Amino acid sequence: MTDTSSCLSRAPENRALSAAEARDRMLAEVVPIAGRELVPVRGALGRILAADIIAPHDVPAHDNSAMDGYAVHFAGLAATGETRLTVVGTAFAGSAFSGLVGKGQAVRIMTGAVLPAGADTVVVQEATRLEDGVVIVPAGQRQGQNTRRAGEDLARGAVALPAGKRVGPAELGLIASLGIAEVEVRRRLRVAFFSTGDELASIGKPLAPGEVYDSNRYTLHGLLTRLGADIIDLGVVPDRPEALEATLAEAAQAADAIITTGGVSVGEADFVRDILDKLGEVSFWKLNIKPGRPMAFGRVGKAWLFGLPGNPVAVMVSYTQFALDALLRLSGLDPLPERPLLTVAAGNAIKKQPGRREYLRGQVVAVDGRWQVKITGNQGSGVLRSMSEANCFVVLPEECAGVNAGDSVQVQLFDGL
Ligand code: AMP
Ligand code: MG
């Protein structure tokens, strides 16, 4: 029998190292890098602010009109019936009316134009009639309507954007709206990475028997480039202690963080463990998840080490669920973004034993106007094709004992806008 509700709730369990526990442990240890630099506004896209951005003036800077219409003095309008006002000029966006709107007068005004002295209210053009330079305004206007007040978005001296915020398109526009040309951001995180495995072949050469092409470095290239890190690709390292030790030492010199793939599973970890003990302080974790059960985390010299499993999909799961948040924290991001879990109907049944948290590859699709998620084929932890076809992870909590088609499940979408 499938217990529907248990596939939605978050597990309170604590058997092996749970996903939540692993993430919390990592985040408790890493601290942001200190370096900062000044960049032109456009160059700040994707970067993390190193200091608060303070509004140097009010936004908007002046009271202005939100509509095309007539700027009037509200107190001069008749409470009932029409009011006839002489049009004494025009205010354009960027070209203000310099006079005063006196008793019995109005100024024609365009959207964005500064509200002339004496006017406090804008009557939209469509509500009025114009007769020989006289505008006729009906009753029923509200004081202040259709105007935008100086400082309504941001008051001068207010924190427009806090330090620790990642700059996206809205932030670029906001910074520009303040007239600021350069911003102080954290320097980019330097991340070194390499693949381990005697069976790994480099692309562009024929495969010898028993070899597989090294794909993890390409996936990581994509993930880390998107993160906005400066990347150092150290290639493929064979399963030889001296080679691994030399590469780790090189990586620790060059980078803030090191990501390795492969070599952390039970069968392989022994010599890796010895080297990591020698060079730093690294814990080997067994996580209560699938895929991505083995993982190493700790320090090698001054650098943080994330030892991810070798299987290509396990790499993506452990990166996105664990390493990513730690890398963001290292980069100076604060607070960390909460990745939303959305509830949708399962488009098909999913087999699962209670015990581990599972991340399945799914595609959220609209069926007859309702969103549901379908599992994208073979879920083997080496199968990248089903990853590529997916637009989300279906996250099944530890206690979930299987899903029937139509049950509610939680998904984590890969991309936003
Ligand atoms: P490991 O964690 O080193 O035992 O590797 C687990 C599985 O992932 C093995 O089948 C490896 O051949 C495969 N694998 C490890 N590293 C890579 C890589 N860089 N690219 C593709 N497959 C890999
Ligand atoms: Mg290996």
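Everything numeric in this text was worked out from a predicted model, so none of it was measured. All ligand and atom numbering here is 1-based and tracks the order in the structure.
- Of all protein atoms, those that are N, O or S and lie under 2.8 Å from the Mg ion (ligand 2) total 2.
- For ligand 1, the atoms lying closer than 4.0 Å to a non-hydrogen atom of Tyr213 are 20 (N), 21 (C).
- In terms of protein heavy-atom proximity, atom 4 (O) of ligand 1 is closest to Glu268 OE1, 2.8 Å.
- Of all atoms in ligand 1, numbered sequentially from 1 with element shown, those under 4.0 Å from a heavy atom of Ser195 are 19 (N).
- No salt bridge links Arg187 with Asp230; every basic N to acidic carboxylate O contact stays at or beyond 4.0 Å.
- With a heavy-atom cut-off of 4.0 Å, Leu200 touches ligand 1 through its side chain alone.
- For the pair Arg273 and Phe284, the cation-pi test (distance below 6.0 Å, angle within 45°) is passed.
- Residue Glu242 places its CD atom among more than 12 non-hydrogen atoms of other residues, nucleotides or ligands, all under 6.0 Å distant.
- Checking Glu358 against Gln379 by side-chain atom types alone, no donor-acceptor pair falls below 3.5 Å.
- Environment of CD in Gln253: sparse, with no more than 12 heavy atoms of neighbouring residues, nucleotides or ligands closer than 6.0 Å.
- Between Arg25 and Glu21 there is a salt bridge, since a side-chain N of the basic residue sits under 4.0 Å from a carboxylate O of the acidic one.
- Looking only at heavy atoms of the protein, atom 12 (O) of ligand 1 is closest to Glu199 OE2, 2.6 Å.
- Scanning for side-chain contact (heavy atoms from CB on, under 4.5 Å) contacts around Asp198 gives Pro238, Asp239, with sequence neighbours left out.
- Distance from atom 17 (C) of ligand 1 to its nearest protein heavy atom, with residue and atom name: Asn216 ND2, 3.2 Å.
- In the vicinity of Ser265, heavy-atom distances shorter than 4.0 Å reach the ligand 1 atoms 4 (O).
- Among protein heavy atoms, the minimum distance from atom 19 (N) of ligand 1 is reached at Asp214 OD1, 2.7 Å.
- The protein heavy atom nearest to atom 20 (N) of ligand 1 is Ser215 N, 3.0 Å.
- Considering Arg47, Arg188, Arg186 as possible partners of Glu37, the one that fulfils the salt bridge (Lys or Arg N to Asp or Glu O under 4.0 Å) test is Arg47.
- Applying the 6.0 Å contact sphere to NE2 of His62 captures no more than 12 heavy atoms from other residues, nucleotides or ligands.
- Looking only at distances, a side-chain donor or acceptor of Asn216 sits under 3.5 Å from a matching main-chain atom of Gly310.
- Ring-plane geometry between Tyr359 and Phe393 is classed as perpendicular, the angle between the planes exceeding 60 degrees on a 0 to 90 degree scale with a lower cut at 30.
- A donor-acceptor contact shorter than 3.5 Å is absent between the side chain of Asp153 and the backbone of Pro60.
- Comparing heavy-atom distances from atom 7 (C) of ligand 1 across Val272, Thr260, Asp239, Asn311 singles out Asn311 as nearest.
- Against a heavy-atom cut-off of under 4.0 Å, Gly263 is close to the following atoms of ligand 1: 1 (P), 2 (O), 3 (O).
- The protein non-hydrogen atom at the shortest distance from atom 2 (O) of ligand 1 is Gly310 N, 3.0 Å.
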